[in-house]
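Notes follow the structure.
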Amino acid sequence: MTPDLTPTPSPIAERVFCANHPDRETTLRCNKCGKPICVKCARRTPIGYRCKECVNQHQQLFETAQWYDLVIAFVLSTALSAVGGALVTALGWFVIILAPMAGSVIAEVIFRAMRKRRSRYLPWIAAGGAALGGLALCALPMLALVAGLFVGDGSFMNFGSLLRLIWPVVYVALCASTVYYRMRGIGIN
Ligand SMILES: [Zn+2]
Ligand SMILES: [Zn+2]
């Protein structure tokens with residue numbers, strides 16, 4: 001009786017290769033689909049290593065907004081920010097308190113208008129609209145400032161115009177950043 005000489009592969013010796021790179025041995029696996037992946041193919045996520053395909057699939061789920069949703073969000077944000085800004089900046093230093101509130105309202109309105117549709121571009125678009133709406137308010141004092149420089153009483157800096165520019169600028173900064181962070185917070189849920 002001759003002993004069986006063919007080596008039985010031990011479980012430890014079982015070699016696994018990356019699904020995308022057949023020449024690369026690996027011990028990593030995608031924690032969603034279980035596909036073996038090498039270090040280069042692995043994508044680190046908050047819930048572990050995943051393959052590129054599973055990560056892309058996950059991102060697709062969040063990209064449910066249509067192009068017109070983004071247009072609506074931008075127009076809404078611009079209009080609301082201009083109206084809100086006109087009211088808020090008339091109240092002087094109250095801007096510091098009211099501008100973030102206006103930002104929250106704008107984010108909430110856009111969120112409702114979008115219903116369940118999401119997009120990772122939305123925070124940028126909404127914040128951009130809010131900034132544009134607010135900047136429209138800066139246009140008039142800005143013109144007054146420039147006009148003061150050239151046709152004013154000759155003083156180089158028209159202090160009154162500069163003061164009138166402060167609150168709209170503060171409004172733009174506070175309102176747009178609030179919209180951005182609120183939309184991001186909503187998007188992550
Ligand atoms: Zn996978
Ligand atoms: Zn690979």
Side-chain angles (χ1 to χ4, degrees), residues 1-82 84-85 99-135 171-189:
M1 207 184 231
T2 49
D4 186 10
L5 288 175
T6 47
T8 47
S10 72
I12 306 156
E14 199 192 323
R15 301 170 81 195
V16 177
F17 296 90
C18 171
N20 305 320
H21 304 94
D23 57 321
R24 280 194 205 148
E25 206 174 332
T26 183
T27 51
L28 274 177
R29 275 174 192 276
C30 167
N31 77 354
K32 181 139 188 272
C33 66
K35 190 161 76 182
I37 38 175
C38 69
V39 186
K40 229 181 159 185
C41 294
R43 297 284 177 273
R44 203 191 189 132
T45 74
I47 33 178
Y49 287 106
R50 291 203 164 168
C51 71
K52 204 165 67 187
E53 289 72 30
C54 286
V55 169
N56 284 343
Q57 220 174 54
H58 189 68
Q59 278 173 350
Q60 286 296 309
L61 287 178
F62 288 99
E63 215 49 51
T64 48
Q66 302 293 317
W67 66 268
Y68 54 78
D69 285 319
L70 300 177
V71 173
I72 291 168
F74 186 77
V75 171
L76 261 180
S77 184
T78 307
L80 288 172
S81 175
M101 284 172 69
S104 300
V105 172
I106 292 168
E108 187 64 30
V109 169
I110 293 171
F111 180 59
R112 296 266 167 96
M114 298 279 290
R115 290 169 208 279
K116 291 276 175 203
R117 298 185 296 274
R118 304 283 160 83
S119 168
R120 76 191 110 140
Y121 307 112
L122 198 58
W124 288 109
I125 292 201
L132 186 72
L135 281 172
Y171 173 81
V172 167
L174 291 177
C175 181
S177 59
T178 305
V179 168
Y180 177 77
Y181 285 108
R182 288 295 290 242
M183 293 312 292
R184 261 193 67 155
I186 291 166
I188 288 161
N189 284 341

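Heavy atoms only: backbone and side chains are in, while hydrogens, waters and symmetry mates are out. Keep in mind it's a predicted model, so treat the numbers as computed, not measured. Numbering of ligands and ligand atoms starts at 1, following listing order.
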Point to revise | Cys30 atom SG and Cys33 atom SG as seen from the Zn ion (ligand 1), angle to 10 degrees | key: 110°
Point to revise | Name, closest N/O/S atom of His21 to the Zn ion (ligand 2) | key: ND1
Point to revise | Donor-acceptor pair, side chain of Asp69 and main chain of Gln66, under 3.5 angstrom | key: yes
Check your understanding: Between the main-chain N or O of Ala130 and the side-chain N or O of Ser77, is there a donor-acceptor pair closer than 3.5 Å?
Key -> yes
Revision key, fill the gap. So the angle subtended at the Zn ion (ligand 2) by Cys41 atom SG and Cys38 atom SG, rounded to 10 degrees, is 110°
Check your understanding: So, Ser81 side chain and Gly133 main chain: donor-acceptor pair closer than 3.5 Å or not?
Key -> no
Revision key, fill the gap. The angle formed at the Zn ion (ligand 1) by SG of Cys51 and SG of Cys54 is about (to 10 degrees) 100°
Review point. Is a side-chain N or O of Thr64 found less than 3.5 angstrom from the main chain of Arg117, in a donor-acceptor match?
Key: no
